[in-house]
A.B. asks: 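Supplied in structure tokens, the structure appears directly below.
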Amino acid sequence: QVQLVESGGGLVQAGGSLRLSCAASGRTFNRYAMGWFRQAPGKERDFVAAISRSGRNTYYADSVKGRFTISGDDAKNTVYLQMNSLKAEDTAVYYCAAVSSFVDIVIITSNTYDYWGQGTQVTVSS
């Protein structure tokens with residue numbers, strides 16, 4: 001069992017930055033592929049970014065490419081999402097997710113992930 005706790009959300013002006021954190025506990029962190037997803041009101045949960053178990057491979061949604069960076073710290077069992085140049089359309093609840101992975105790949109489909117955090121709200125004012 002893995003427990004995920006997100007933090008770092010908040011209210012920011014357009015063009016600003018936030019860094020989300022996802023602290024994992026319960027199992028060996030570096031055996032898990034991790035991802036960030038977001039859900040805006042009335043919309044489906046969308047993929048944002050993913051990182052492989054080693055941290056060597058990352059992948060981003062086109063809408064955030066060049067603005068967001070996913071990274072991991074094995075020593076802290078934490079995955080981060082650095083969000084720069086934020087736009088109003090980035091407003092959503094952001095969720096981190098984890099799945100045990102035997103291969104070093106990124107996973108971008110939400111239904112593949114086994115563990116989810118409770119979400120953290122990001123609001124970008126225009």
Side-chain angles (χ1 to χ4, degrees):
Q1 192 75 6
V2 173
Q3 293 80 41
L4 304 174
V5 178
E6 301 102 332
S7 61
L11 174 65
V12 64
Q13 289 188 334
S17 298
L18 283 174
R19 188 177 78 159
L20 305 183
S21 299
C22 174
S25 62
R27 288 290 179 89
T28 305
F29 179 69
N30 60 8
R31 295 180 182 176
Y32 286 80
M34 306 288 293
W36 285 95
F37 292 78
R38 66 186 181 186
Q39 188 167 21
K43 296 188 177 181
E44 295 184 349
R45 188 172 298 188
D46 290 331
F47 167 75
V48 176
I51 189 167
S52 64
R53 53 177 282 174
S54 72
R56 287 192 292 267
N57 303 306
T58 59
Y59 191 80
Y60 299 91
D62 287 343
S63 58
V64 306
K65 200 173 296 182
R67 300 188 297 122
F68 290 11
T69 303
I70 188 171
S71 61
D73 186 334
D74 287 348
K76 296 183 178 180
N77 281 2
T78 300
V79 170
Y80 303 98
L81 185 68
Q82 177 67 43
M83 305 186 295
N84 299 327
S85 302
L86 283 161
K87 306 175 181 179
E89 52 263 44
D90 294 319
T91 296
V93 177
Y94 283 71
Y95 299 89
C96 72
V99 60
S100 178
S101 177
F102 294 103
V103 293
D104 197 32
I105 60 172
V106 293
I107 298 171
I108 66 172
T109 51
S110 61
N111 58 10
T112 304
Y113 284 91
D114 293 324
Y115 304 102
W116 291 85
Q118 82 289 350
T120 185
Q121 176 71 47
V122 171
T123 303
V124 184
S125 63
S126 57

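Note that the coordinates shown come from a computational prediction; the quantities given were computed from them, not determined experimentally.
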A.B. asks: Any chance you could measure Gln39, atom CD, to Glu44, atom CD, to the nearest 0.5 Å?
C.D. replies: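 Going from CD on Gln39 over to CD on Glu44, the span is 8.5 Å.
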
A.B. asks: Has the side chain of Glu6 got a donor or acceptor atom that lies under 3.5 Å from a matching backbone atom of Cys96?
C.D. replies: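 Checked: pair present.
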
A.B. asks: List the atom of Cys22, the atom of Trp36, and the distance in Å for their closest heavy-atom pair.
C.D. replies: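 In terms of heavy atoms, the two residues are closest at CB-CZ2, 3.6 Å.
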
A.B. asks: Any side-chain to backbone donor/acceptor pair from Arg53 onto Ser101? Under 3.5 Å, distance only.
C.D. replies: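 Between the backbone of Ser101 and the side chain of Arg53 there is a qualifying donor-acceptor contact (under 3.5 Å).
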
A.B. asks: In terms of hydrophobic clusters joined by side-chain contacts under 4.5 Å, are Tyr115 and Leu81 together?
C.D. replies: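 Tyr115 clusters together with Leu81.
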
A.B. asks: Between Thr78 and Asp73, is there a side-chain donor-acceptor contact under 3.5 Å, judged purely by atom types and distance?
C.D. replies: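 The answer is no; no qualifying pair exists.
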
A.B. asks: So, taking the atom named CD1 in Ile105 and the one named CD1 in Ile51, what distance separates them when rounded to the nearest 0.5 Å?
C.D. replies: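 Here the interatomic distance stands at 13.5 Å.
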
A.B. asks: Which pair of heavy atoms, one from Asn57 and one from Val106, lies closest together, and at what distance?
C.D. replies: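 That closest heavy-atom pairing would be O-CG1, 3.4 Å.
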
A.B. asks: Side chains of Leu11 and Gln121: closer than 4.5 Å at any heavy-atom pair?
C.D. replies: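 No, too far: nothing below the 4.5 Å cut-off.
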
A.B. asks: Hey, quick one: are Val79 and Val93 part of the same hydrophobic cluster, counting side-chain heavy atoms closer than 4.5 Å, chains of contacts allowed?
C.D. replies: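 Hydrophobic grouping puts Val79 apart from Val93.
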
A.B. asks: Measure the spacing between CD of Gln118 and CG of Leu4 and express it to the nearest 0.5 Å.
C.D. replies: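 Interatomic distance, Gln118 CD to Leu4 CG, rounded to 0.5 Å: 9.0 Å.
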
A.B. asks: For the atom pair CZ (Arg67) and CG (Leu86), what is the distance rounded to the nearest 0.5 Å?
C.D. replies: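 Separation between the atoms: 6.5 Å.
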
A.B. asks: Nearest heavy-atom pair of Ser54 and Asp104: which atoms, and what distance?
C.D. replies: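 Between these two residues, the closest heavy atoms are OG-OD2, 2.6 Å.
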
A.B. asks: Just verifying a value: how many Å separate Thr69 OG1 and Met83 CE, rounded to the nearest 0.5 Å?
C.D. replies: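 One gets 11.0 Å once the value is rounded to the nearest 0.5 Å.
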
A.B. asks: Counting only heavy atoms not in Lys65, do more than 12 sit closer than 6.0 Å to its NZ atom?
C.D. replies: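 Check passes, neighbour count above 12.
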
A.B. asks: Does the cation-pi check pass for Arg19 over Tyr80, that is, NZ or CZ under 6.0 Å from the six-membered ring centre and within 45° of its axis?
C.D. replies: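 Flagged: Arg19 positioned over aromatic ring of Tyr80.
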
A.B. asks: Considering all heavy atoms of both residues, which atom of Ala88 and which atom of Ser126 are nearest to each other, and what is their separation?
C.D. replies: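 Residues Ala88 and Ser126, closest heavy atoms: CB-CB, 4.2 Å.
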
A.B. asks: Between the side chain of Asp90 and the main-chain N/O of Val122, is any donor-acceptor distance below 3.5 Å?
C.D. replies: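 Here the side-chain-to-backbone pair does not exist.
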
A.B. asks: Against Phe37, only a single residue in Tyr94, Tyr95, Phe47 fulfils ring pair (Phe, Tyr, Trp, His ring centres under 6.0 Å); can you say which?
C.D. replies: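 Of Tyr94, Tyr95, Phe47, ring pair (Phe, Tyr, Trp, His ring centres under 6.0 Å) with Phe37 is met by Phe47 alone.
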
A.B. asks: For Ser100 and Tyr32, which heavy atoms make the closest approach, and how far apart are they?
C.D. replies: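 That would be N-CD2, 3.3 Å.
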
A.B. asks: Tell me whether Val2 shares a hydrophobic cluster with Ile107, the cluster being built from Ile, Leu, Val, Met, Phe, Trp, Tyr side chains joined at under 4.5 Å.
C.D. replies: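 No, because Val2 and Ile107 fall into different hydrophobic clusters, even though each may have its own neighbours under 4.5 Å.
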
A.B. asks: If I take atom OG from residue Ser71 and atom CE from residue Met34, how far apart are they, to the nearest 0.5 angstrom?
C.D. replies: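 Here the rounded value is 11.5 Å.
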
A.B. asks: Is there a chain of hydrophobic side chains (I, L, V, M, F, W, Y, each step under 4.5 Å between heavy atoms) that links Phe102 to Val99?
C.D. replies: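 In one cluster: no.
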
A.B. asks: Can you tell me if Thr120 uses its side chain to pair, donor with acceptor, with the backbone of Ser7 under 3.5 Å?
C.D. replies: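 No; zero donor-acceptor contacts below 3.5 Å.
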
A.B. asks: Minimum heavy-atom separation for Ala49 to Tyr60, with atom names?
C.D. replies: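 In this case the closest contact between Ala49 and Tyr60 is CB-CD2, 3.6 Å.
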
